[in-house]
Amino acid sequence: MPELPEVEVLVRQLDPCLRDRRVQSVAVRRAKIVRPYSEAELQAALVGRIFQSVTRRGKCLRFQFRESPGVPPLTVLGHLGMTGRIYLQSFQVPLPKHVGVAVDLDSARLIFEDTRQFGRFCLGELSQVSVGPEPLGTEFTPAVLQEAMSGSRQPVKVRLMDQSVIAGIGNIYASEALFRARISPRTRCCDLTSESFQRLWQSIREVLNEAIQRGSSIPFNGPEDRERLFHYGRNARATATNVSLAFQVYDREHLPCVNCGRAVERMVQAGRSTFFCTGCQPGASGNGIQKPGETAC
DNA sequence: CACCATGTTCCTTG
DNA sequence: CCAAGGAACATGGT
């Protein structure tokens, strides 16, 4: 999935397609995806309603439905988990294997597909108690980042993935942002300097924005285009537009660092793979602070 | 068979 | 309270 950039690209794609479209029928093929609601509840809430907008908050999608006299506002929350996808298909195309929910509109069918079924498509607001600031929003500043992180002794990479600290950063872009900021993923948050937070802040925004730019440049028509956008890691296919080819360290263990040529390394933090370059991200076992004037590579 | 995978939540242990 | 580690969820690719 779908970390922030992929969800953002998806939302931009979906919003104009769904706006003002009316829900004809809803079919739930995997009950887990809509829990704690039932298929009947989803049908009762959605059939006849008209889409107003699709927006993003962190990694979540929000489908808002039009409000009218006597018809209260309604929001459907979508979360893609690890392998979730959302797309429109014609009625003629048979339903793929792992469809969780199919929402029939007047002229097309909205499919929520999720192989591993970690995703969600259900009524109501975010289940998460607290979601941190949007990293691309104006309220996100170096000071906000520092304030949110500096009190923690956690490794910075682990903390970056905490959705209550910052919304939308996952395993891929955590590694990418730290590489760009030249900070070791092992650095404890409380050991980062203001200068490091400044670099990290900038790197987060660059890495996310560039990924959105790449994703937005991908034509989004058939299933192959969806694969280029959502298929990562060792499953990724080496197509000219595959976004994963643009990663600088993620899933590049043993490959030469794009900066210094040293082999990219992999380690496990909080149960997840972290990719980094010991040459460019000094202090892998220290504090990650660079002396002034010192070049990492 | 083993290991890995874009995420979240829950549980246990220190 | 915090942090870390593991397991669970369910399926597929290598």
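Remember, predicted model here, so these are calculated numbers, not experimental data.
For the pair A:Ser152 and C:dA3, the criterion of a side-chain N or O lying under 4.0 Å from OP1 or OP2 is met. Dashed line: the shortest gap from a side-chain N or O of A:Lys97 to OP1 or OP2 of C:dG12 is under 4.0 Å. Residue A:Gln163 places no side-chain N or O under 4.0 Å from the OP1 or OP2 atom of B:dG7. Between A:Ser273 and the phosphate of B:dA5, there is a side-chain N or O to OP1/OP2 separation shorter than 4.0 Å.
Summarising the base pairing, C:dT14 is matched to B:dA2 through a Watson-Crick or G-U wobble pair whose two defining distances lie under 3.5 Å.
Ring pair A:Phe121/A:Phe63: centre-to-centre distance below 6.0 Å. Between A:Phe276 and A:Phe179, the distance separating the two ring centers is not shorter than 6.0 angstrom.
Within 6.0 Å of atom CZ in A:Arg153, 12 or fewer heavy atoms from other residues, nucleotides or ligands are found, so the atom counts as exposed in its surroundings. Other residues, nucleotides and ligands contribute at most 12 non-hydrogen atoms within 6.0 Å of the CD atom of A:Glu147.
One interatomic measurement links the two molecules: CD of A:Gln154 to C1' of C:dC2, which rounds to 9 Å at whole-angstrom precision. Regarding A:Asp251, its CG atom lies at a distance of 18 Å from the P atom of B:dC3, rounded to whole Å. Distance A:Asn171 CG to B:dT8 P: 11 Å, rounded to the nearest Å. In this structure, the CZ atom of A:Arg35 is 8 Å from the C1' atom of C:dC9, given to the nearest Å. One atom, NE2 of A:His79, and another, P of B:dT9, lie 8 Å apart when rounded to the nearest Å. Between A:Lys32 atom NZ and B:dG7 atom P the separation is 15 Å, expressed in whole Å. With rounding to whole Å, A:Leu4 atom CG is found 13 Å from B:dT6 atom C1'. Counting to the nearest Å, the P atom of B:dT6 and the NZ atom of A:Lys59 are 10 Å from each other.
Annotation: of the two residues near DNA chain B, A:Met161 and A:Gly271, the 5′-most nearest-nucleotide partner is A:Gly271.
Using atom P as the reference point in both B:dC3 and C:dG6, the two lie 14 Å apart (nearest Å). Spacing of C1' atoms, B:dT6 relative to C:dA3, comes out at 25 Å, to the nearest Å.
A stacking contact links A:Phe118 to C:dC9: the aromatic ring centre lies within less than 5.5 Å of the base's six-membered ring centre, and the planes differ by less than 30°.
Out of C:dT11, C:dA3, B:dG7, the shortest distance to the side chain of A:Thr115 is found at C:dT11. Side chain of A:Pro155, nearest nucleotide from C:dA4, B:dT6, C:dT11: C:dA4. Each of B:dG7, B:dC4, C:dG12 was ranked by its minimum atom distance to the side chain of A:His98; first place goes to C:dG12. Candidate nucleotides C:dT11, C:dA4, B:dT6 were compared by shortest atom distance to the side chain of A:Arg272, and B:dT6 ranks first. The side chain of A:Arg266 lies closest to B:dA5 when the candidates are B:dA5, C:dA3, C:dA10.
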Determine, stepwise, if the pair A:Arg266 / A:Thr274 fulfils side-chain contact (heavy atoms from CB on, under 4.5 Å).
CA-CA 6 Å; A:Arg266 184 181 86 97; A:Thr274 300; over 6 Å; no
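Under 4.0 Å is where a charged nitrogen must lie from a carboxylate oxygen, and between A:Arg22 and A:Asp106 no such pair does.
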